[in-house]
Structures are given as structure tokens and as C-alpha cells.
Amino acid sequence: MNLPVFFLSFANNALAPLPALEKESESIYRLLTPAAKAQRIQIHREPFASIENTTHYLMQYQHQISVFHYAGHANSTQLILRDQSAFAQGIAQQLAQQKSLKLVFLNGCTTRQQVSLLLDLGIPAVIATSNTINDDTAYKFADFFYTAIAASKSIKLAFETAAANVLTKTGHLPRIYRGTALRSMNH
């Protein structure tokens with residue numbers, strides 16, 4: 001039986017470390033583990049994402065990946081992986097080959113410009129950010145989002161819950177708001 005795969009990709013940079021990245025990785029893994037133990041999903045966690053291992057596991061889990069989560073440094077055209085920058089167009093092409101992919105979550109700065117590319121390639125839902133974001137705030141947003149997903153909430157409701165919780169805790173929505181583009185929803 002091929003279980004849906006949650007592909008969790010984390011890329012910290014030694015020159016500009018993100019202290020909350022390890023907490024984010026651990027938190028999401030902890031939140032999703034009960035579903036994995038109940039054999040509802042499979043988790044693949046890549047703590048030191050590189051182009052080589054990302055490409056390898058995207059092929060390894062061909063047509064099984066349901067969620068692709070990236071956390072680390074990024075910009076409008078690239079995800080900054082462990083070994084080098086990965087161009088968004090190439091990653092998007094690889095993700096488009098995942099026929100069961102429901103969500104791409106880009107938890108890095110200024111990734112909003114990658115949303116149209118992903119949607120045009122048929123990805124149903126994308127979460128990204130339109131500006132720079134504080135490392136701890138990005139972690140908290142992801143934690144709230146996956147807490148809701150683990151409680152069987154929809155992507156839309158998980159997003160709204162995470163945004164509201166971060167707003168409640170920080171008092172700032174614009175810096176943490178993750179732009180979503182959902183083909184079947186009005187966002």
C-alpha cells in the first residue's frame with residue numbers, strides 16, 4: 001500500500017543560520033508522527049536538503065508525495081539548499097510530476113513569486129510569503145498550521161488558524177501572512 005508522503009525539507013545555512021529551523025523540523029515531525037504510526041501517512045524528513053537528495057527522494061516517492069514542505073532561506077527565484085541554490089523553475093517541474101501532490105508550503109522569505117509557477121503547473125495549493133519573515137515567526141506559523149493539519153483540518157482552515165494564532169501572539173499579520181493561492185477557493 002502506497003501511503004501519502006509528507007516530504008519535509010529543511011536547509012540551514014552555516015553562514016546565515018536559522019536557529020528555529022531545527023525546532024520547526026522537530027515540531028512538524030512530532031505533530032505528524034501519530035498519523036504515520038496509524039499508517040495514514042508516511043513522513044520523509046530531509047534535515048540537510050541538497051539538490052541531489054531532494055531530486056533523489058522526489059523520484060523515489062514518485063506519485064506518493066501529498067505535501068512538500070520547504071523551510072530555509074529563499075528568494076523569489078530560488079530555494080537555498082545545503083549545497084547550493086536550487087532554481088524554483090526546476091524544483092517546480094519536479095513537483096509537478098507528483099500526481100498526488102496537494103500542497104507546496106514554502107516557508108522561506110519572499111517566495112510568493114514562485115506561487116504562479118507552481119499553480120500553472122497544476123499544484124492545487126501553495127503557501128508562500130511575500131516578504132522577509134522572522135525565523136521564529138515562520139516556525140510558529142508552521143507549528144500552528146501542522147497542528148491544525150494533524151487535527152484533520154482542511155488546508156484552508158489550517159492556514160487561517162495559523163495566521164490568526166500568530167497574529168494573536170505577535171500582533172503582526174503583514175510580516176507573517178502566508179499568501180495562499182488555491183485553485184478551488186477564493187483567495
Do T33 and L31 touch side chain to side chain, with heavy atoms closer than 4.5 Å? no
Over 60° means perpendicular and under 30° means parallel, so tell me whether F145 and F105 are parallel, tilted or perpendicular. perpendicular
Side-chain contact test, heavy atoms from C-beta onward, threshold under 4.5 Å: evaluate it for V166 versus T137 and give yes or no. yes
Which atom pair, heavy atoms only, marks the closest approach of G72 to L21? N-CD1, 4.0 Å
Ignoring hydrogens, what is the shortest heavy-atom contact between G108 and T129? Give both atom names and the distance. O-CG2, 2.7 Å
With the side chain counted from C-beta on, respond yes when L106 and Q114 share a heavy-atom pair under 4.5 Å apart, and no when they do not. yes
Kindly assign one of parallel, tilted or perpendicular to the pair F7 and Y61, based on the angle between their ring planes and the thresholds 30° and 60°. perpendicular
To the nearest 0.5 Å, what is the distance between CG on L118 and CD on Q89? 10.5 Å
For K153, does the NZ atom sit with more than 12 other heavy atoms under 6.0 Å from it, leaving out its own atoms? no
Calculate, to the nearest 0.5 Å, the distance between atoms OG1 and CG belonging to T55 and L81 respectively. 9.0 Å
Nearest heavy-atom contact between S85 and I51 is O-CD1, 3.7 Å
Measuring from atom CD of Q94 to atom CG of L101, what distance do you get when rounded to the nearest 0.5 angstrom? 12.0 Å
Considering only NZ, NE, NH1 and NH2 on the basic side and carboxylate oxygens on the acidic side, decide whether D136 and K23 come within less than 4.0 Å. yes
Side-chain touch V5/S66, heavy atoms, less than 4.5 angstrom: no
Regarding N165 and T168, is there a side-chain donor-to-acceptor distance under 3.5 Å anywhere? no
Would I127 and F159 count as a side chain to side chain contact (heavy atoms under 4.5 Å, CB included) here? Give the steps. CA-CA 8 Å; I127 297 175; F159 175 84; 4.1 Å; yes
Pairing of E26 and R30 as salt bridge, 4.0 angstrom limit: no
What I want to check is whether the side chains of S25 and R45 have a donor and an acceptor closer together than 3.5 Å. yes
Rounded distance [0.5 Å steps], CD1 in I28 versus OH in Y139: 9.5 Å
When every non-hydrogen atom of D135 is compared with those of A20, the smallest separation belongs to OD2-N, 2.6 Å
Rounded to the nearest 0.5 Å, how far apart are OG of S27 and NZ of K140? 12.0 Å
Are I91 and F87 packed together at the side-chain level, in the sense that at least one heavy-atom pair is separated by less than 4.5 angstrom? no
Given the options F10, Y29, F141, H69 meets ring-ring contact (aromatic ring centres under 6.0 Å, His included) only with F10
Donor-acceptor pair, distance only, cut-off 3.5 Å: does the side chain of T111 make one with the backbone of A128? no
Is there side-chain contact between L58 and Q98, with at least one heavy-atom pair below 4.5 Å? yes
CG/L103 to CD1/I65 distance, rounded to the nearest 0.5 angstrom? 12.5 Å
Is the closest side-chain heavy-atom distance between E46 and Y57 below 4.5 Å? yes
Is it the case that atom CD in E52 sees more than 12 heavy atoms from other parts of the structure closer than 6.0 Å? no
When you measure from the side chain of N12 to the backbone of P17, do you find a donor-acceptor pair of N or O atoms at a distance under 3.5 Å? no
Exam field: side chain Q62 to backbone Q97, donor-acceptor pair closer than 3.5 Å: yes
Might you point out which heavy atoms bring N75 and T77 nearest each other, and give the distance in Å? OD1-N, 2.9 Å
State whether the side chain of N53 and the backbone N or O of S50 hold a donor-acceptor pair below 3.5 Å, judged by distance alone. yes
Consider side chain to side chain contact (heavy atoms under 4.5 Å, CB included). Of Q42, Q64, H63, which one does N2 pass it with? Q64
Contact check, side chains of K102 and V67, non-hydrogen atoms, under 4.5 Å: no
